Amino acid sequence: MSTSESARILVVDDNHEIREVVNILLSGEGYEVEEASDGSRALEMLREHSYDLVILDVMMPHMNGYQTCMEIRKANNTPILFLSARSQVEDKTLGFSSGGDDYLPKPFSYQELLSRVKALIRRYQIYKGKEEAGAKTAEEKTETEQIIVLPGIKIYEKQGKVLSEGREVELTDLEFAILCLLAKHRGQIFPAQHLYESIWDEPYYYGASNTVMVHIRHLREKLEKDPHNPKIIKNVWGKGYRCE
């Protein structure tokens, strides 16, 4: 299946011209694109339909992009790409802290937007993927696939599923990818740059360590009994992160 085939994208921006431009660009690549003019409408549409990506403006009236993202994350792990005229490192960090997966400053080029969209949807389809017709049932997959085991945690890589103390934990595709990479190389130290370039599949930039740090924090909040005293994903001071 190609990346664009059957992929649905929700574009959320109060600027009609921006929505129209993004819609034309992505529709021309074969994506099915729908639009929302504000955060409240976007939340309604997400309750009614499923999407492979949400493209979200930051500066919107009533409910800004960060607030909208946090509301989405309460019930939905669909990838979120922020588009914003605000391009400071602090703005990007706030975007990732609210649950976003990527952050693209305005103005942006067509190729840059398309590459980000393709990367996010590809990861989403891999880690939360859509099963092909005639694929094995979830039970059959569980029986045959290799399970990555950490203390109190089981990771089913092909299914994109994580159990913590027997309870299924909902992770975003980026969080799941980070966890799998660390878990498959237990004891190995991964610098922030290595993690970013491996998971985000793009060159490291100034401030990307904050992006990695935010996602590690979210993982700990979901997996650790005491996120402030982590036992599974540890910091190695001045070097990076590793799974014990």
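Throughout, numbering of the chain's residues begins at 1 and tracks the sequence. Every value quoted in this text rests on a predicted model; they were computed, and no experiment measured them.
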Colleague: Applying salt bridge (charged side-chain N to carboxylate O under 4.0 Å, His left out), can you list everything that pairs with R186, at least two apart in sequence or on another chain?
Modeller: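 Partners of R186 by the salt bridge (charged side-chain N to carboxylate O under 4.0 Å, His left out) criterion come out as none, since no residue qualifies.
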
Colleague: With T78, which residues qualify under side-chain hydrogen bond (donor to acceptor under 3.5 Å, both in side chains), at least two apart?
Modeller: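 For T78 the side-chain hydrogen bond (donor to acceptor under 3.5 Å, both in side chains) partners, ignoring immediate neighbours, are N76.
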
Colleague: Below 3.5 Å, can you tabulate the donor-acceptor pairs from side chains in residues 13-22 to any protein atom, sequence neighbours excluded?
Modeller:
residue, atom, partner, partner atom, Å
D13, OD1, N15, N, 2.8
D13, OD2, K106, NZ, 3.2
N15, OD1, E17, N, 2.9
N15, OD1, I18, N, 3.2
R19, NE, E35, OE1, 3.0
R19, NH1, D13, O, 2.7

Colleague: Taking everything shown except K154 itself, do over 12 heavy atoms lie less than 6.0 Å from its NZ?
Modeller: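 Check fails, neighbour count at 12 or below.
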
Colleague: Can you tell me which residue pairs pass the salt bridge (Lys or Arg N to Asp or Glu O under 4.0 Å) test with a partner in residues 58-76, sequence neighbours excluded?
Modeller: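 Residue pairs passing salt bridge (Lys or Arg N to Asp or Glu O under 4.0 Å), neighbours aside: E71-K74, R73-D101.
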
Colleague: Linking Ile, Leu, Val, Met, Phe, Trp and Tyr through side-chain heavy atoms less than 4.5 Å apart, which residues share a cluster with I24?
Modeller: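 Joined to I24, directly or through intermediates: none.
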
Colleague: Who are the side-chain contact (heavy atoms from CB on, under 4.5 Å) partners of M213, not counting sequence neighbours?
Modeller: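 Applying side-chain contact (heavy atoms from CB on, under 4.5 Å) to M213 gives N210, Y241.
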
Colleague: For Y51, check ring pair (Phe, Tyr, Trp, His ring centres under 6.0 Å) against everything at least two apart and list the hits.
Modeller: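 Residues passing ring pair (Phe, Tyr, Trp, His ring centres under 6.0 Å) with Y51: none at all.
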
Colleague: Could you pull out all residues at least two apart from Y66 that satisfy ring pair (Phe, Tyr, Trp, His ring centres under 6.0 Å)?
Modeller: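 Residues passing ring pair (Phe, Tyr, Trp, His ring centres under 6.0 Å) with Y66: F82.
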
Colleague: Sequence neighbours excluded, which residues qualify as side-chain hydrogen bond (donor to acceptor under 3.5 Å, both in side chains) partners of T211?
Modeller: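 With neighbours one apart ignored, the set is Y205.
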
Colleague: Quick check: closest heavy atoms across R217 and S97, and the distance to 0.1 Å?
Modeller: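 Here R217 and S97 meet closest at NH2-OG, 3.9 Å.
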
Colleague: For E29 and Y110, test the side chains for any donor-to-acceptor distance below 3.5 angstrom and give the result as yes or no.
Modeller: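 Checked: E29/Y110 side chains pair up, N/O donor to acceptor below 3.5 Å.
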
Colleague: Listing request: all salt bridge (Lys or Arg N to Asp or Glu O under 4.0 Å) pairs with a residue in residues 203-213, at least two apart in sequence or in separate chains.
Modeller: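 Pairs touching residues 203-213 that pass the test: none.
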
Colleague: Is any side-chain N of the basic residue among E34 and R8 closer than 4.0 Å to the acidic one's carboxylate O?
Modeller: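 Yes, this pair counts.
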
Colleague: Can you name the residues that form a side-chain hydrogen bond (donor to acceptor under 3.5 Å, both in side chains) with E197, not counting sequence neighbours?
Modeller: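 side-chain hydrogen bond (donor to acceptor under 3.5 Å, both in side chains) list for E197, sorted by chain: Q193.
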
Colleague: Taking only residues two or more places apart in sequence, or in another chain, which ones meet F96 in a ring pair (Phe, Tyr, Trp, His ring centres under 6.0 Å)?
Modeller: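 Counting only residues at least two positions away or on another chain, F96 forms a ring pair (Phe, Tyr, Trp, His ring centres under 6.0 Å) with H215.
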
Colleague: Taking E112's backbone N and O only, do any of them form a donor-acceptor pair with S109's side chain (distance below 3.5 Å, no angle check)?
Modeller: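 At least one qualifying donor-acceptor pair exists.
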
